[in-house]
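Everything on this sheet refers to the single structure shown next.
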Amino acid sequence: MMIITLIAGLAKNKYRLEWTIIISSVILGLMHFTNLGMQKFAATLSQATYAELQDYCLLSYICILAKYGGTNVVPLC
């Protein structure tokens with residue numbers, strides 16, 4: 001839902017998909033900092049970084065596949 005909201009909000013921006021991928025990945029990474037009270041900072045930072053990079057790669061792959069793969073996997077890409 002957040003991704004659709006970001007794409008709609010950035011509708012007039014030329015790089016809306018790129019910004020959507022970056023913003024949603026950063027938000028997901030920041031959400032992992034809620035674990036700070038349960039584990040050490042280094043472990044939380046590692047977890048947040050991994051989640052952010054994983055989300056970035058997954059969303060980028062989906063959009064690339066939709067644009068250049070010849071299929072309409074995600075109509076917004």
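In what follows, residues are counted from 1 in the order of the sequence shown.
With Ile23 as the partner, the side chain to side chain contact (heavy atoms under 4.5 Å, CB included) test is satisfied by one option alone out of Val26, Thr20, Ile27: Ile27. Of the residues listed (Leu59, Asp55, Leu58), the one engaging Ile21 in a side chain to side chain contact (heavy atoms under 4.5 Å, CB included) is Leu59, and it is the only one.
Rounded to the nearest 0.5 Å, atoms OH (Tyr56) and CD (Glu18) are 8.0 Å apart.
Take Leu36 and apply the side chain to side chain contact (heavy atoms under 4.5 Å, CB included) test, not counting sequence neighbours, and it matches Phe33, Phe41, Thr44.
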Exercise answer: donor-acceptor pairs, residues 45-52 side-chain atoms, under 3.5 Å, sequence neighbours excluded:
residue: Gln47; atom: OE1; partner: Asn35; partner atom: ND2; Å: 2.8
residue: Gln47; atom: OE1; partner: Gln39; partner atom: NE2; Å: 2.9
residue: Thr49; atom: OG1; partner: Leu45; partner atom: O; Å: 2.8

